[in-house]
Structures are given as structure tokens and as C-alpha cells.
Participant: 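Please find one structure pasted underneath; my questions will follow.
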Amino acid sequence: MTESHIIYMDNAATTPVRQEVVDAMIPYMRENFGNPSSLYDIAKINREAVALARSRVARALNAEDKEIYFTSCGTESDNWAIKGTAFANRDKGKHIITSAIEHHAVLYTCQWLEKQGFEVTYLPVDEFGMVNPKDVEAAIRPDTVLITIMFANNEIGTIQPIAEIGKIAREHNVLFHTDAVQAAGHVPIDVKAMNIDMLSISGHKFNGPKGTGVLYIGKRVKLDSLMHGGDQERKRRAGTENVAGIVGIGLALELSVKEMDATTKRLDALRKRLVDGLLTIPKSRLNGHPTKRLPNNVNVIFEYIEGESILLMLNRRGICASTGSACNSASLEPSHVLTACGIPHEVVHGSLRLTLGEMNTQEDVDIVIDAVKDIVQKLRNMSPLTPDELRKY
Amino acid sequence: MTESHIIYMDNAATTPVRQEVVDAMIPYMRENFGNPSSLYDIAKINREAVALARSRVARALNAEDKEIYFTSCGTESDNWAIKGTAFANRDKGKHIITSAIEHHAVLYTCQWLEKQGFEVTYLPVDEFGMVNPKDVEAAIRPDTVLITIMFANNEIGTIQPIAEIGKIAREHNVLFHTDAVQAAGHVPIDVKAMNIDMLSISGHKFNGPKGTGVLYIGKRVKLDSLMHGGDQERKRRAGTENVAGIVGIGLALELSVKEMDATTKRLDALRKRLVDGLLTIPKSRLNGHPTKRLPNNVNVIFEYIEGESILLMLNRRGICASTGSACNSASLEPSHVLTACGIPHEVVHGSLRLTLGEMNTQEDVDIVIDAVKDIVQKLRNMSPLTPDELRKY
Amino acid sequence: MDYSEKVMDHFENPRNQGILENPDGIGVEGNPQCGDIMKIYIKVADNRIADVKFQTFGCGAAIASSSMATEMIMGKTLEEAWDLSNKAVAQALDGLPPQKVHCSVLAEDAIHRAINDYRVKQGLEPWEEKPGHKKHCHESQ
Amino acid sequence: MDYSEKVMDHFENPRNQGILENPDGIGVEGNPQCGDIMKIYIKVADNRIADVKFQTFGCGAAIASSSMATEMIMGKTLEEAWDLSNKAVAQALDGLPPQKVHCSVLAEDAIHRAINDYRVKQGLEPWEEKPGHKKHCHESQ
Ligand SMILES: Cc1ncc(COP(=O)(O)O)c(C=O)c1O
Ligand SMILES: Cc1ncc(COP(=O)(O)O)c(C=O)c1O
């Protein structure tokens, strides 16, 4: 199947690496292959490439270079921030505050820490998937060592009131981590202004390479390593540097931030068209916040049908999308995000996530609207739950 | 500085990615970029690429496909194996056995676990850097949950009696992990015959990409995740798969194993020539085991001089090498491996490690011998420690 | 999801999909909270499945299993239809991914329900359903 | 190691390297276990450093610091030579990496030792060395 026949609308799952990023990475695979920690000249090229990438990331977040640590993915950054803070601050307390709609990289990490004797508060969200800063403040205890609330949700795109939460955390002198895997490169981030202590990023969500991540760690933060070993990354994240990957994530983030305004404008328009088109289908609704959401995220629910079936039919038409249905998850649990928003299980199964990206055009959007309309009707005709008035043959 | 003027003899630090491996990886960066967990067809290409890489690694180790887990580096594999086993078996015991000459990825992980209440025995080695299996057996306690002994040492190349240790571990029903980062692709490994339960690999040590690793986990092993989150890698190692990297490490390992006999023969001869040449320098000695060592490893000591100075002078002649001198380490500690072999601190400072690789020729070896001779003399002339009879002007 | 071509064929071109007017038996299995529900309509003549139709809310495997199962019992005696196992359905589909095997169980159970519905309506004793089935939701893997 | 060009120049072309026959003062600092030891020989005339040579066992920074320090005190009065700080040496070398700063301390201390050795040999009271120096090994970072 060639790319030209494909309409890829699953950019929240992953993105292709930009051509200029691929080009920038390749020289660091074979030609400039040295280990940045080595003393000889050929390693200097690698050391400098890593330093440049670091300052690119720092500028994108309004951080300092030495607050940027390269990791292997967003998951590692989340695990590191949360476990590292928990273990390093055991003497201070054992309580962590998070939300019910975090990515599993945060939720399962918290659950594992509970097994190690930590205590975790999972804050609820409203129907739009929004955490209430007042709830955060109310949950703070004397032994709270960490607040971790995601920047933007991967399923419904809702953007949290990060600056407000950061302010509260700072006032109460509690560390604040945010999983910005879906936000970085897509919406403006300022770790200083927002009082963020730690922030997770994953390269492949903004047209950088898979297997790359960043954890921003503010200067005041004390945390244990997750990767113990060599002296890399100021002795905080061991492991020979993935130089090509680091070059890739640095450049990709810089480019994404540079083009952010233009991209947002373009995607906002496409998204609006897509949402308007899909919501003409009866018994459909938009999930997530109507305005405070990622520019590229559309998440809709069609009652009486199941998401995996929608995806399979879209796939046959060359359209790539995603769903929160349990039937598409290895765990057979329906989306914890949609259920946390108060949507009943049976309806969650009918969710469809379309996330726009660089390759999508208005023509794509129109094709997708028509395809979804057709598929929803087909599946509703097949479903025993569909009310008669919605059946059309 | 172009590669053609460089003699790279630091292959234990890192290696260039083979051209055919680079070529195999590139299509998975932009063209076939899908997330292997996705349902649509374009993701199937990635899923199949990951599956192929997995079976290549499995075959290289005589493991089963489902015992192979991809990680982001050797360090992660070590951390995962050791912490994962420790936390998962807390009810069974809290004692770990390792050796004094492990890589820091193992040693510092063990030290961190000591802070969490675990107990660690660090076994000594003999003058050749060899662990005695009898010492392993004697150290086993009723509450021992893990033995972790490296396959081959990164500094001195000594190959440990892994099959013997594996046998002991199995007899005592203790899990056995081995850090095979320096061994994989260089010497034969058979996890079944050697009774290995877990084994760590790093891609960039055998002309695969940086930022890739493998942990082999035998079927009987129970261990916690290090990366909690998504359902990737049979729910044991979360994080979107680094498909290009996985393709790279799989192919690189397969090729290395296929060519192992020929490579070993070639490097053995070069190494012998190199050692013989260097040992004509007075007051020099070979570190590590005379015969049970990696085919590409040479580690020699020259008394009265310091390793970083040797490296700097070699560097100016385009020769890339490494040392165990404290002056070349960020921690300012001299090599714990050489000191564990009983070599006095002041002598450890004069160590030079040369590790051969695909690019090295006999001509390179002869150039290096001459360069080292010249440099050693130059530095000895400068050193206040040099006995008069060794000074030549 | 790595479905076989057979699964995809039955998913995209479902056999016997729809509603039977005046069925002799109806069986419903699954529940919408779990993401799959299957409804089987049968007509019986001479102790044989004279006609069968299904309606399914669910994933690709659920729809394909319904389609395949109905095709497999069409024309069979009730005893034969009863004996159709979920394994046979999965096999006929060239296999199902492990976490989707429960969809074939759903089909087997829905058929059992429909047959027993027919039997009860006929004043016959229902046949004994296999224990252990019935709970498909989040438990089948 | 990211050494400045100045460091590399002094490392590769060390000034004043060697032994002074019949020196007026000798100073040794460092110890081989730590990986660096510096030996400074001085000749003194009219209260000035008339000649100076060094021998160093150590890393690039240690050798370059010795070379630079000897060059900086050559011809200076003993008071001026005494006042040469490790910071001045490091600065003259266009800086040293953080973990290498102790090498310049070594040079300062070795010079102090040599001057005091001369003073004691002359029957003069030794000048008071700065406290806190002397321990370079694994403690300077
Ligand atoms: C023996 C050994 N173990 C572990 C590692 C860590 O591997 P990596 O740096 O790829 O994480 C290395 C290499 O540095 C090594 O030589
Ligand atoms: C919000 C969020 N956090 C964390 C992750 C994990 O990122 P990765 O898969 O790159 O480790 C993802 C993506 O899957 C995500 O969307």
C-alpha cells in the first residue's frame, strides 16, 4: 500500500519523521558515530550535536540547557519523573496527586508505587475531561511530594489549566510534573511562567524519531535516577547517548515550535470542518472540551456501534484512525478517559479519534466525513441496539 | 577531520552502524512510520518488522521469540533485570550477588537497591578479572533472589565462566542475569545451554544503532516492569516501539553472529600482533585474562605515565582509544575493574585500552604500535616517576 | 489487530445479517457495556435450522464470528447446531487473535440461547448450557 | 575532554620541561595514586626566578598547567611567583574543564613548595601556605 492512497488521521498515535530531520540524523549513525563521552576529536562532533539539540529543546520550553535530559521515550520520562521524585523524597512524604485521565505511563507508574507503599489520589475530571485546580489544592496533604497532571490529553485533546496548577503547587511547595507528550510542539509551553518542575516529551509525537524523549527537570528538583550506570546526562540518566535520536528530537521540536502558529491556524480550520461534518450524523457527540483542546484532535462518539468495526472499515478505505473501545485494546478495558468524563461504557465503545497532521488536506477531511457517515450507517444497520428510526437500507 | 585519517580502536565504547543496517532502518523513519500497536494496515508493516527483528535476536541467542524484549540500551536492560527481579521477588528475599568488576549500569543499580533495603554481595575477582564460580556458590543464601555476573568485561575483555555460574544458579533455583553487552555479537551465546535467565544487550556495541537494547527474559522469570505504561512488548516494557532502532539491532546482531567465526579469526590475529608489539615496551603488562578474553580487546599498562595524556597524544595522531585512568573519568575514580584485579592505583593510571573492529587493518596495528612506543617514551621523559634507565632523549 | 483474510471477508461481507420476521427462536448474548452483543434469529423446520439471521454490535471478530457461525449452522439439525463449538467457528475463520476468542464464544452461546428459546416455546426442556461461558466481558483473555 | 587550544599547545609543546641541575629549590606536589604529581625545580638570583623546570606525571591539564605556571613565574620576584594563583594559571590557559581545575591548584602548590624549599635552605622562615589546598585527590570537583 503506498502512502499516497492513505489518509493518515492518527497523528496522536505517532507521526512520520520530517524529511529534514531524517537528513539531520543520518550522519550520526555511521559517519559521526563516536561516543560523546570519549576524549578524542571525532567524539567532539557528537558531543556538540547533543549540546545543540539540548539548547534547541531548552529554548522551545523556556528552560535552561542544563535542565534538559534526553530519555528514550515519553514513557521513560513519565516513569522517571514520578518514581524518581517518589524515591528521592521518601523522607518527606509518600503522597502523590494525579488525575483519572492520565496516560497509562503515569497511571500504571502510580499504581506500581502504591504497591511500594506510596499513596496516590486520582482526581476526577468534569464532562469535558478537565481537572479542577481547586480539587488539586484540596488534595494537597502535608506529606504530598508530587502533583502530576498531564498538559493535554491524548484521547480527547483537552488542555488542562497547567499554569493554575503550577501556581498552586509552587505556593504549597510541592513538586509539579506534567506529561506534555501530546502538547509539546503543538501548543505553547513555558516551564518558568507555568511553574512546571518536570515535563515529559516524546519525539515521535511531533514528527521526530521514535525512541526519543526528554525530561525537563527544573533546578530545584531532587530526584533519583531511573537508569543507573554511566556518567551521561550529568550523571542523572545513564546509557550511551542515542546521538542520532537526540539530534532528531531537538530539530523536530525546534521546527514544530517555529511553525506552530501557522500549523495551528491550518489545523484549526480543518478540525472545525471535520467536527461539523461528523456531528451531522444523528446520535453523535464531540468528546473533550469544545475550545480548550489540541488543534489537531477530534474525538466523536456514535451511539449503537463499536469503534474497532469503524476502524476496520475506515482502514479498508485507506483511512487511519483510532478508538477508545475496549475491543481495540489488549486489556479489553474501554477508555478510562472517556469513562472518567462520565460517558457510559456502552457508548464509549462507539468512539472514534481522528488526529490531524502535516499531511492532511481539506479534501482528506471531506473524504473522511463521507466515509464515516457511510460506515456508521452500515454498522448501525447491523447492530441490534439501533432504534428503528435510525436504520436505513 | 575525515574518517580516512582516523584509526578507530575504541570499538568497546561504540561502533559505527553498518551500512546495510542504516539502509534497513531508514524506511521505518518516514515511509513506514506507523505505530505497531495500531489496527490499520500501514501499522502491520511495522508490526511485522518488529516481529522479524525479534526472531533474529531470538535465533542469535537460542531463545524463543517471546523471550526477547526490546529496550532503549544496555543500561536499561541491566536496570530492568536487576530492579525488576528485586522488586518482584521481595517476598522471597532481598539478597543479590554480583561481582566487583561489573559495569556501572549493574553496580550503581545494586547500590541504589541497597538504599531501598536490599543486600548485595560484590564478589572479588582474581588478577585476570575472573570470578570464581565457587565464590558464587558460597555466596548464595536462602534469601538470594538474583545472581548477576557479566558475560565479558568491557575494560579488560575477560570472559566469565557463565555456563558454570548458570548451572550453579539453576541448581540453587536462583535467577541468573548476565550483562552481555560486550559479548553479544562477539562470542557465542546460548541462553538455554548456559542456563541464563536474563541477558542484556546493547545495539551499538556490534555495529547496530545507539539507543537500542534487548533484555532476554526466560519464561520462568517473574519481574516487575521498569517502564510502566502502554501494552507494548507483551505489557512488560511500555513505550511506543522504536521501530527503526529495533529493525537495526535485529539485523546487526544477525549479521554479527553470521560473521562471528571469520571476524574472530581476523581480530585474533590483529590482537596478537598488537599485544606483542606493545609488550616490547619495558615496564608494560597486559591486563585481563591471557586467553579467555574478547577477540577484540587489548588492555595494557605502562608504568610511570598517565592514560589521559596517552589518549591525547594518540588523538593528535588520529588514533582513538580509551583508558582506565581516573583523570579521564568524570567521577575522578580510577577504573574499579583494574583495581579489583589488584593493580595499584598509580599503575592503573597508566592503562590503555585498544578495542579492534571492522575497520582496523594490520597496517593500523603497526601504526598504533609505533605511535604508542613513541608517546610512552615522550611521557616517561616528562614524568618525575620514571627511573633514569628508562629515560631516552 | 491481525485478522485473517477470512475474518475480514466475513466482517466486510457478512452472511445472514439482518432480522428474521416471526422467528422460531431468538438468542441474545453479550452486553453493550462489554462492547459486544449478538442476536441470533432462527427458523426451524424438521428439526433443522431452516433459516438464520444475526444482528451484532461489536468488533470485527464479533461480526465475523456471527457471520461464520450462522453460515455453519444453516441447514443443520438442532443437535448439530448445538454442538457447534466456538473453537470450530474460530478455526473456520482461520483463527482469531487471543484476546478475540471470546467473540466466538459469544456466537456459540447466542446460538444455544436461540435453540433453547425455540425448545422452550415448543414446550420442550431446554438443553443444559456449558458452565463457565456467559461472562465474556473483560475476562476471556 | 574539551580542552582549549592553549591547553593543547602547552600539553604538546611543554615549556620548561625537564630537570634543573643543582636547583636552589624543589617542590613536589600531588601523589601518583591520584594520577598526578608535579615536581618544580627553581634557580633563584636577586630574589627572582632565574630558571625553572618541571616534571609532571599526569593528565593533559596537569602537564599544561605545569608548563603555563613555570612560564608565568619565570623572571618574576619570589613574592610575585608566590602570588601566582591557580585561577591565573587556568585563565592563562583559556580555562580548564571543571573536574580539571585541581591540576592548576597542583601547580600553584608545587611552586609554593619550591619557594619554601629555597627559603628554608636559605635559613629563612617558610611562608605560610594557603589552607585547604594539598588534597587534590578525588575531592576537587
Ligand atoms: C558491559 C557493559 N554493560 C553495560 C553497558 C551500557 O550500555 P549502554 O551505554 O548502551 O546503555 C556497557 C557500555 O557502555 C557495557 O560495556
Ligand atoms: C499523553 C501521553 N503520555 C505518554 C505517552 C507515551 O509516549 P511513548 O509511547 O513515546 O513512550 C503517550 C503516547 O503514547 C501519550 O500520548
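Proteins come first, then strands; the chains are lettered A, B, ... in the order of their sequence lines, and each starts at number 1. Quantities reported herein were computed from a predicted structural model and do not represent experimental measurements.
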Participant: Find the one option among A:Gly239, A:Gly229, A:Ala43, A:Ser202 whose heavy-atom pairs under 4.5 Å with chain B are most numerous.
Facilitator: A:Gly229
Participant: Please look at A:Ser322 and chain B and tell me whether the side chain, the backbone, both or neither of the residue comes under 4.5 angstrom of a heavy atom of that chain.
Facilitator: neither
Participant: Using heavy-atom distances under 4.5 Å, tell me whether A:Asp224 contacts chain B through its side chain, its backbone, both, or neither.
Facilitator: side chain
Participant: Among A:Gly211, A:Gly230, A:Cys110, A:Gly245, who wins on heavy-atom pairs under 4.5 Å with chain B?
Facilitator: A:Gly211
Participant: At a heavy-atom separation under 4.5 Å, does A:Ala244 approach chain B through its side chain, its backbone, both, or neither?
Facilitator: neither
Participant: Do B:His228 and A:Lys83 make a side-chain contact, defined as non-hydrogen atoms from C-beta onward lying under 4.5 Å apart?
Facilitator: yes
Participant: Can you check whether B:Leu312 reaches A:Leu39 side chain to side chain, under 4.5 Å on heavy atoms?
Facilitator: yes
Participant: Does a side-chain heavy-atom distance below 4.5 Å link B:Gln116 with A:Arg90?
Facilitator: yes
Participant: Select, from A:Gly213, A:Gly74, A:Cys320, the one with the greatest count of heavy-atom pairs under 4.5 Å involving chain B.
Facilitator: A:Cys320
Participant: Would you say B:Met29 and A:Met25 make side-chain contact, with heavy atoms under 4.5 Å?
Facilitator: yes
Participant: Is there a side-chain contact between B:Tyr40 and A:Ile6, using heavy atoms and a 4.5 Å cut-off?
Facilitator: no
Participant: Among B:Lys115, B:Arg316, B:Gln19, B:His103, which has the most heavy-atom pairs under 4.5 Å with chain A?
Facilitator: B:Gln19
Participant: Side chain, backbone, both or neither: which part of A:Arg234 has a heavy atom under 4.5 Å from chain B?
Facilitator: neither
Participant: Determine the minimum heavy-atom distance between A:Asp10 and B:Ser38, stating which atoms define it.
Facilitator: OD2-OG, 3.7 Å
Participant: What's the spacing between A:Lys210 NZ and B:Ile246 CD1 if we round to 0.5 Å?
Facilitator: 10.5 Å
Participant: Answer yes or no: is there a side-chain heavy-atom contact under 4.5 Å between A:Leu226 and B:Leu226?
Facilitator: yes
Participant: Considering non-hydrogen atoms only, spot the tightest contact between B:Arg30 and A:Pro16 and give its length.
Facilitator: O-CB, 3.7 Å
Participant: Describe, in one word, how the ring planes of A:Tyr8 and B:Phe33 are oriented to each other, choosing from parallel (under 30°), tilted (30 to 60°) and perpendicular (over 60°).
Facilitator: perpendicular
Participant: Below 4.5 Å from any heavy atom of chain B, which atoms of A:Ala321 appear? Answer side chain, backbone, both or neither.
Facilitator: backbone
Participant: Among B:Asn79, B:Thr14, B:Ile26, who wins on heavy-atom pairs under 4.5 Å with chain A?
Facilitator: B:Asn79
Participant: What I'd like to find out is whether the side chain of A:Cys73 reaches to under 4.5 Å of the side chain of B:Thr240, using heavy atoms alone.
Facilitator: no
Participant: Which region of A:Thr323, side chain (C-beta onward) or backbone (N, CA, C, O), has a non-hydrogen atom less than 4.5 Å from a non-hydrogen atom of chain B, or is it both or neither?
Facilitator: neither
Participant: Where does A:Phe87 contact chain B at under 4.5 Å (heavy atoms): side chain, backbone, both or neither?
Facilitator: side chain
Participant: To check you understand the geometry: which heavy-atom pair defines the closest contact between A:Asn35 and B:Ala13, and what is its length?
Facilitator: ND2-O, 3.3 Å
Participant: With only heavy atoms counted, which part of A:Asn242 is less than 4.5 Å from chain B, the side chain, the backbone, both or neither?
Facilitator: both
Participant: Sort B:Ser225 into side chain, backbone, both or neither according to what part of it lies under 4.5 angstrom from a heavy atom of chain A.
Facilitator: backbone
Participant: Of all of B:Val106, B:Leu107, B:Thr15, which one pairs up most often with chain A through heavy atoms under 4.5 Å apart?
Facilitator: B:Thr15
Participant: Please determine, among A:Asp78, A:Thr212, A:Thr75, the option with the most heavy-atom pairs under 4.5 Å with chain B.
Facilitator: A:Thr75
